[in-house]
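Please read the structure below before turning to the comments.
By convention in this document, chain letters (A, B, ...) are assigned in the order of the sequence lines, proteins followed by strands, and residues within each chain are numbered from 1. What you see below is based on every heavy atom in this structure, not just the backbone, and it leaves out hydrogens, waters and symmetry mates.
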Amino acid sequence: MRVSKAFIPTVKETPGEAEIPSHKLMLRAGLMRKVASGFYEYLPLGQRVILKVNQIIREEMERAGAQEVLMPIMTPAELWQETGRWQKYGKELMRVKDRHERDYALGPTHEEVITDMVRRELKSYKQLPMNLFQIATKFRDEVRPRFGVMRSREFLMKDGYSFDVDDAACDKTYWIMFEAYKRIFKRCGLLCSPVEADSGLIGGSFTHEFMVMADSGEAAIAWCQACSYAANMEKAIGVPSPSAVSQAASEACVPVDTPGKYTVEEVGALLKLPPSQFIKTLIFLADGKPIAVLVRGDHEVNEVKVQNALGATELVLASPEKVMEVTGAPVGFAGPVGLKGVKILADNALKEGHDYVTGALIKDKHLIHVEIGRDCAAPWYNDFRSVKDGESCLKCGKPLKIVRGIEVGQTFKLGTKYSKSMKCVYLGEDSKDHEAVMGCYGIGVTRTVAAAIEQHNDAEGILWPISLAPYQVHLLLLNPAEPEVAKAADQFYEDLKKAGYEVLYDDRTEASAGFKFKDADLLGMPLSVRVGSRGLKEGLIEIKRRREKEPAKVPVAQVLDKVREFAAEEWKLCTH
RNA sequence: CGGGGCGUAGCGCAGCGGUAGCGCACUUGGUUUGGGACCAAGGGGCCGUGAGUUCGAAUCUCACCGCCCCGACCA
């Protein structure tokens, strides 16, 4: 494509609305424009990247035995009512009425539609397994769209659904999809890790989120580089640092004055004791009932873990008034000793330690020499805290890092949740009806594009992995006014195309060399070929990799070989 | 939905009671041409919308709309 004829509106200044690198660069490089909050239009360059991601997904899904279908974006309310999600989904489900006042939802995901489709055709176990996917526009009326295409209301998603005869067969399919996902993201040139996660609204028995590591990510992950253990903070388990005191206190537990000191830090400073010798006591309301959660002074309560352990639907921190009512003291002086009438949960890390300090349930007093089990009843121990950065990995003992990640895909084993409520059954070998066992597998296509930029950019612009780059080679004609230079560049354009490369040819006569360099850095094609009078005089052409600072200068006759060599190196980074 | 901020030229911004401005971009002519060139001449605005206050409103007041950020929420 000649730049002189292309629709690639690059922008020098950063639009004010953009916050994170991918959003800024997608606007600046002319990949997309915003139409309204949460809606974007993709310009030619953006669309080319999307098509590349789609193609990789198609190839890997087909390799894994899935078949492509296409479902409507408008879905009838009755299907959602069958599974109860018409009520449960909330405002995110975009509801619309047609001219006959009939209710529909714009599909945010398609479990109901696909289950309906399959149940109408599924008769015998001989038709299973069945694994179907589509790449289609999804609509979710997000509370707060942000970060450009990272969290938009309309977006492109690959969603796949599998149907198997039983649990074991579903597991097998799940792991085939899991492997396919790893291949897809590797081929997209992304550093991506599957993490154990919570299953949320879709429900089901187990699930992985595929996270692209990037500082701007919305989710925190505990990650071990040594053994590649990775888990969502809601699930992650680490080995805590040793307790401050390992021997039981011989003295009896006694109150001390701590006037005006509420926090672990303040009381610790006053008593000259480390935070890890404290028991931090937080009062929560679980479905309205007060509970106390104990963690070590240097740890934080993980509310999702508490909520899941209790099986509660709602967990909120108690108000100061409620704390007063439950503990008999203001916030800051709660403790397990003498605490009556509430269920007490304690984090596992507290089990090992001794001689603790904790609130005395009296204003301005704390207790020292506290022994759990001696001074108060043994609580319900479980994992109730968040992993801390630098803690040891449970699997290999190496330090865990807390990193941020962008969720680009998720795999769920659904079980029979949908096939049961929607009666998606087949006749088994035993001549009886059985519910199909389902899995579902999503990839945010447009989000993957943003994540790729998030992971591959510098101060000048994008650095596309060659597998996603809109064009593999950016050819720059530096001196368009000089006929012999222009002629040479034109020839390279033809030769490179003939050699099978996708070439963006900056043939503009009005743009200066410097302008073209800046545009090339911004657009981020992995390779650029620079044809100028300076080099041409000596018979040399510059070939520059976007990731390298300096170009290679090669004789005219060797340009294609050098391009081939560099391209091969780039492809190695995107090969599974 | 709570808190904060912003709406002025295509983009980035200034102006904050008295004739609507700057930089970039755009058009024309000329000179340039290896890291976002220079000179000259131009075009482009219901100052988000509506109501008020005022002799006079981009500027003050109120309401509404839109957008952005933080939070709650999130396959």
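In terms of position on RNA chain B, the residue among A/A511 and A/K34 whose nearest nucleotide sits closer to the 5' end is A/A511. Between A/F155 and A/K516, the residue anchored closer to the 5' end of RNA chain B is A/K516, taking for each the nucleotide with the nearest heavy atom.
Rounded to whole angstrom, the span from the CD1 atom of A/I20 across to the C1' atom of B/C68 amounts to 14 Å. Residue A/E92 contributes atom CD, which lies 13 Å from atom C1' of B/A72 at whole-angstrom precision. Protein atom CZ of A/F147 is 14 Å distant from nucleotide atom C1' of B/C73, rounded to whole Å. Rounded to an integer number of Å, the gap from CD of A/E142 to P of B/C73 is 14 Å. Atom pair A/E19:CD and B/G4:C1' shows a separation of 14 Å (rounding to whole Å applied). Atom CD of A/E234 is separated from atom C1' of B/C74 by 11 Å (rounded to the nearest Å). Distance A/Q307 CD to B/C73 C1': 13 Å, rounded to the nearest Å. Remark: C1' of B/C74 and CZ of A/R447 are 9 Å apart, rounded to the nearest angstrom.
Closest to the A/R28 side chain, of the nucleotides B/A72, B/G36, B/G34, is B/G36. Picking from B/C70, B/A72, B/G34 the nucleotide with the shortest atom distance to the side chain of A/A513 gives B/G34. The side chain of A/R530 lies closest to B/G35, out of B/G35, B/G36, B/C1. Distances from the side chain of A/A36 to the nucleotides B/G34, B/G71, B/C67 place B/C67 closest. Considering only the side chain of A/S37, B/C67 comes nearest among B/C67, B/G71, B/G35. Listed nucleotides: B/G34, B/C73, B/G36. Nearest to the side chain of A/R146: B/C73.
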**Prompt:** Given A/V449 and A/L156, is the side chain to side chain contact (heavy atoms under 4.5 Å, CB included) satisfied, shown in steps?
**Reply:** CA-CA 10 Å; A/V449 173; A/L156 203 57; over 6 Å; no

**Request:** Mind running salt bridge (Lys or Arg N to Asp or Glu O under 4.0 Å) on A/E570 and A/R547 for me, showing each step along the way?
**Result:** CA-CA 10 Å; A/E570 293 289 331; A/R547 64 179 74 249; 3.0 Å; yes

**Request:** For the pair A/K138 and A/D159, evaluate salt bridge (Lys or Arg N to Asp or Glu O under 4.0 Å) and give the outcome as yes or no after the intermediate values.
**Result:** CA-CA 10 Å; A/K138 289 283 182 282; A/D159 49 325; 3.1 Å; yes

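Looking at residues two or more places apart in sequence or on another chain, you find a side chain to side chain donor-acceptor pair (under 3.5 Å) between A/E60 and A/R63, A/R183, A/R187. For A/Y161, the ring-ring contact (aromatic ring centres under 6.0 Å, His included) criterion is met by no residue, not counting sequence neighbours. Partners of A/F384 by ring-ring contact (aromatic ring centres under 6.0 Å, His included), not counting sequence neighbours, listed by chain and number: A/W380. Residues forming a salt bridge (Lys or Arg N to Asp or Glu O under 4.0 Å) with A/D490 (at least two apart in sequence, or on another chain): A/R2. Under the salt bridge (Lys or Arg N to Asp or Glu O under 4.0 Å) criterion, A/E179 pairs with A/K182, not counting sequence neighbours. With sequence neighbours excluded, the residues that form a side-chain contact (heavy atoms from CB on, under 4.5 Å) with A/I176 are A/A64.
Ring geometry for A/F178 against A/Y174 counts as parallel: the plane angle stays under 30°, on a 0 to 90° scale with 60° as the upper cut.
Contacts between residues 537-554 of chain A and RNA chain B, counted as heavy-atom distances below 4.0 Å, involve A/E542. Sorted by residue number, the members of residues 478-489 of chain A with any non-hydrogen atom under 4.0 Å from RNA chain B read A/L478, A/N479. Near RNA chain B, defined here as any heavy-atom distance below 4.0 Å, there are no residues from residues 67-78 of chain A.
Taking the charged nitrogens against the carboxylate oxygens, A/K413 and A/D167 do have a contact shorter than 4.0 Å, which makes a salt bridge. Using a cut-off of 4.0 Å between Lys/Arg side-chain N and Asp/Glu carboxylate O, A/D215 and A/R404 are scored as not salt-bridged. Note on A/E218 versus A/R144: no salt bridge recorded, every NZ/NE/NH1/NH2 to OD/OE distance being 4.0 Å or above. Between A/K91 and A/D141 no salt bridge is recorded (no basic side-chain N to carboxylate O distance below 4.0 Å).
Pairing for B/U19 is absent, judged as Watson-Crick or G-U wobble with the two contacts each under 3.5 Å. The partner of B/C74 is absent, by the rule that a Watson-Crick or G-U pair needs both atom distances under 3.5 Å. With a cut-off of 3.5 Å on both Watson-Crick or G-U wobble distances, the partner of B/G35 is given as none. Both distances falling under 3.5 Å, in either a Watson-Crick or a G-U wobble arrangement, occur for no nucleotide opposite B/U54. Base pairing of B/U59: no nucleotide in any strand meets the Watson-Crick or G-U wobble criterion (both distances under 3.5 Å). In this structure, B/U27 and B/A41 make a Watson-Crick or G-U wobble pair, each of the two defining distances being under 3.5 angstrom. Here B/C67 sits opposite B/G5 as a Watson-Crick or G-U wobble pair (both hydrogen-bonding atom distances under 3.5 Å).
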Protein N or O to nucleotides 37-45 of chain B N or O, pairs below 3.5 Å:
unit_1 : atom_1 : unit_2 : atom_2 : d
B/A37  : OP2    : A/S512 : OG     : 3.4

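Using a 4.0 Å heavy-atom criterion, one finds that A/Y441 contacts no nucleic acid atom at all. Contacts of A/R508 with the nucleic acid, taken as non-hydrogen atoms under 4.0 Å apart, are absent. When heavy atoms are screened at a 4.0 angstrom cut-off, A/D519 is found touching base atoms of the nucleic acid.
For B/C70, one of the phosphate oxygens OP1 or OP2 lies less than 4.0 angstrom from a side-chain nitrogen or oxygen of A/R144.
Look at the C1' atom in both B/A57 and B/A20: the space between them is 13 Å, to the nearest Å. Taking the C1' atoms as reference points, B/C47 lies 10 Å from B/U59, given to the whole Å.
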**Request:** Classify every nucleotide of nucleotides 8-14 of chain B by which part a protein heavy atom approaches to under 4.0 Å, writing B for the base, S for the sugar-phosphate alone and - for neither, in 5'-to-3' order.
**Result:** ---BS--

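Remark: side-chain polar atoms of A/Y501 are not paired, donor with acceptor, to backbone N or O of A/Y493 under 3.5 angstrom.
What you find for A/A486 and A/L477 is that their closest heavy atoms are CA-CD1, 3.7 Å.
Remark: the A/R151 side chain and the B/C74 base include a donor-acceptor N/O pair separated by less than 3.5 Å.
When A/K34, A/R33, A/R146 are each tested for a salt bridge (charged side-chain N to carboxylate O under 4.0 Å, His left out) with A/E17, only one passes: A/K34. Residue A/E300 forms a salt bridge (charged side-chain N to carboxylate O under 4.0 Å, His left out) with just one option from A/R385, A/K305, A/K280, and that option is A/K280.
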Less than 3.5 Å apart, which donor and acceptor atoms pair up between the side chains of residues 520-539 of chain A and the rest of the protein, not counting sequence neighbours?
unit_1 : atom_1 : unit_2 : atom_2 : d
A/S528 : OG     : A/R530 : NE     : 3.0
A/S533 : OG     : A/N479 : OD1    : 3.4

